Amino acid sequence: MKVAIYPGSFDPITNGHLDIIRRALSIFDRLVVAVADNSNKKHLFSVKERMDMIRKATESLPVDVDSFDGLLVDYLKKKDVHTIVRSLRANSDFESEFQMAVVNRELDKDIESVFLMTDKEYFYLSSSAVKEVARHGGDVSHWVHDSVREKLREIFR
Ligand code: COA
């Protein structure tokens, strides 16, 4: 069984992430979507809220939702998984993703990172943009799952 881990902050999960999840599942039999608990970013949603939204949005898919803190390579070791899935949007993602992949491989030679190009429909999308639009009452229904839209509506009410 081919399993990979798709890590990220997912604050919140967007349709861009969901597109990557669906496409990764055409390569892997199962995907663990892992919410990072130790990111330097200031998050709008708690880890539990982020995990709940991912669960709802991926209900019908062979996906496990989990969280981790500390180093990603240690988490992979714990799960006995050797592949990381990440996505690349515009040019700007390349440098940081390249650096992250190299650091992870330096830390553990058994780990490989696989990159999927974000669909052209979502290349401009980010969780921050979704939050910014929702904060000002804009319509985010094209960018997120219904459960995420509801949660954003609740929080910015
Ligand atoms: N569609 C839409 N948006 C996308 C996207 C896609 N396909 N791919 C990335 N994004 C956006 C996200 O929404 C996010 O937007 P935001 O900045 O507005 O929140 C942004 O791209 C990047 O987020 P994400 O993919 O979640 O990466 P991250 O930099 O927040 O987290 C970790 C990366 C958690 C995987 C990484 O920091 C990590 O492994 N941390 C653990 C510590 C560690 O091991 N460090 C060593 C490695 S250097």
Side-chain angles (χ1 to χ4, degrees), residues 1-41 43-131 140 143-149 151-152:
M1 179 125 138
K2 282 186 288 175
V3 184
I5 286 179
Y6 181 25
S9 39
F10 303 107
D11 186 42
I13 187 165
T14 69
N15 288 345
H17 296 123
L18 286 171
D19 172 59
I20 297 296
I21 291 171
R22 286 198 192 93
R23 286 165 49 212
L25 285 169
S26 68
I27 306 171
F28 300 98
D29 301 309
R30 202 157 188 94
L31 199 64
V32 181
V33 180
V35 176
D37 195 10
N38 66 344
S39 166
N40 297 327
K41 290 179 177 175
H43 295 117
L44 177 64
F45 295 107
S46 69
V47 171
K48 185 184 173 306
E49 286 173 316
R50 285 180 270 157
M51 288 172 69
D52 285 347
M53 284 185 276
I54 298 171
R55 274 197 196 101
K56 283 183 185 144
T58 59
E59 232 164 26
S60 55
L61 300 171
V63 158
D64 295 322
V65 183
D66 198 6
S67 66
F68 72 101
D69 56 17
L71 286 177
L72 179 58
V73 291
D74 290 339
Y75 175 68
L76 267 96
K77 212 172 278 171
K78 196 177 93 188
K79 301 290 278 186
D80 195 23
V81 174
H82 303 273
T83 314
I84 300 168
V85 169
R86 293 284 292 168
S87 73
L88 289 175
R89 290 169 301 170
N91 293 347
S92 52
D93 279 344
F94 178 79
E95 210 168 311
S96 56
E97 292 298 335
F98 181 66
Q99 186 190 25
M100 217 187 319
V102 173
V103 169
N104 285 332
R105 257 184 71 74
E106 280 299 310
L107 291 171
D108 187 338
K109 293 274 182 257
D110 288 337
I111 286 176
E112 203 54 80
S113 298
V114 170
F115 295 93
L116 296 179
M117 301 297 164
T118 298
D119 191 273
K120 62 181 182 329
E121 213 178 314
Y122 305 116
F123 79 94
Y124 59 89
L125 196 56
S126 72
S127 301
S128 303
V130 166
K131 285 181 280 191
V140 294
W143 298 326
V144 294
H145 187 264
D146 288 351
S147 60
V148 175
R149 194 195 55 205
K151 197 83 192 154
L152 285 164

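Not measured: the values here are computed from a predicted model. All heavy atoms count here, side chains included; hydrogens, waters and symmetry mates do not.
A donor-acceptor pair under 3.5 Å is formed between the side chain of R89 and the backbone N or O of L125. Using modelled atom types, no side-chain atom of D19 and backbone atom of N15 make a donor-acceptor pair closer than 3.5 Å. Panel note: side chain R50, backbone S9; a donor-acceptor pair is recorded below 3.5 Å. Judged by distance alone, the side chain of R23 and the main-chain N or O of M117 form a donor-acceptor pair under 3.5 Å. Using a distance-only test at 3.5 Å, with no hydrogens or angles considered, a donor-acceptor pair links the side chain of T118 to the main chain of L88.
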Query raised in the report: Can K79 and D66 be said to form a side chain to side chain contact (heavy atoms under 4.5 Å, CB included), step by step?
Result: CA-CA 11 Å; K79 301 290 278 186; D66 198 6; 3.4 Å; yes
Requested in this report: Show the numbers, then the answer: is there a side chain to side chain contact (heavy atoms under 4.5 Å, CB included) between I5 and F68?
Outcome: CA-CA 11 Å; I5 286 179; F68 72 101; over 6 Å; no
Requested in this report: Start with the C-alpha gap between D69 and V47, add the side-chain angles, then the distance that decides, and say whether side chain to side chain contact (heavy atoms under 4.5 Å, CB included) holds.
Outcome: CA-CA 11 Å; D69 56 17; V47 171; over 6 Å; no
Report task. Using the side chain to side chain contact (heavy atoms under 4.5 Å, CB included) rule, take V33 and I21 through it: C-alpha gap first, then chi angles, then the decisive distance, then the call. Result -> CA-CA 8 Å; V33 180; I21 291 171; 3.8 Å; yes
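Atom-to-atom distance recorded for F28:CZ and T83:OG1 is 5.0 Å, nearest 0.5 angstrom. Expressed to the nearest 0.5 Å, how far NZ of K56 lies from NZ of K151 amounts to 7.0 Å. Here K77 contributes atom NZ and H82 contributes atom NE2; the two are 10.5 Å apart, rounded to the nearest 0.5 Å. How far OG1 of T58 is from CG of L31: 9.0 Å, rounded to the nearest 0.5 Å. I13 CD1 to I54 CD1: the interatomic distance, rounded to the nearest 0.5 Å, is 5.0 Å. Taken to the nearest 0.5 Å, the CZ atom of R86 stands 9.5 Å off from the CG atom of N104.
When all heavy atoms of E49 and F45 are compared, the closest pair comes out as OE1-CA, 3.4 Å. The minimum heavy-atom distance linking V144 with T14 is given by the pair CG1-CA, 4.1 Å. When all heavy atoms are compared, the tightest approach of A101 to S113 is CB-OG, 3.8 Å. Shown here for S67 and M51, the closest heavy-atom pair between the two residues is CB-SD, 3.7 Å.
Side-chain atoms of E97 and S87, non-hydrogen and from C-beta on, never get closer than 4.5 Å to each other. Between Y75 and V32, some side-chain heavy-atom pair lies under the 4.5 Å cut-off. Looking only at side-chain heavy atoms (C-beta outward), M53 and F10 stay at 4.5 Å or farther from each other. Annotation: side chain of D64 is in contact with side chain of R30 (closest heavy-atom distance under 4.5 Å). With contacts defined as side-chain heavy-atom distances shorter than 4.5 Å, the pair L25/V63 qualifies.
Between K131 and D11 there is a salt bridge, with a side-chain nitrogen of the basic residue lying less than 4.0 Å from a carboxylate oxygen of the acidic one. A salt bridge between K48 and D52 is present, with a side-chain N of the basic residue lying under 4.0 Å from a carboxylate O of the acidic one.
In this structure, W143 and Y124 have perpendicular ring planes: the angle between them is above 60°, well past the 30° mark.
Taking a 6.0 Å sphere around CZ of F98, one finds it holds 12 or fewer heavy atoms contributed by other residues, nucleotides or ligands.
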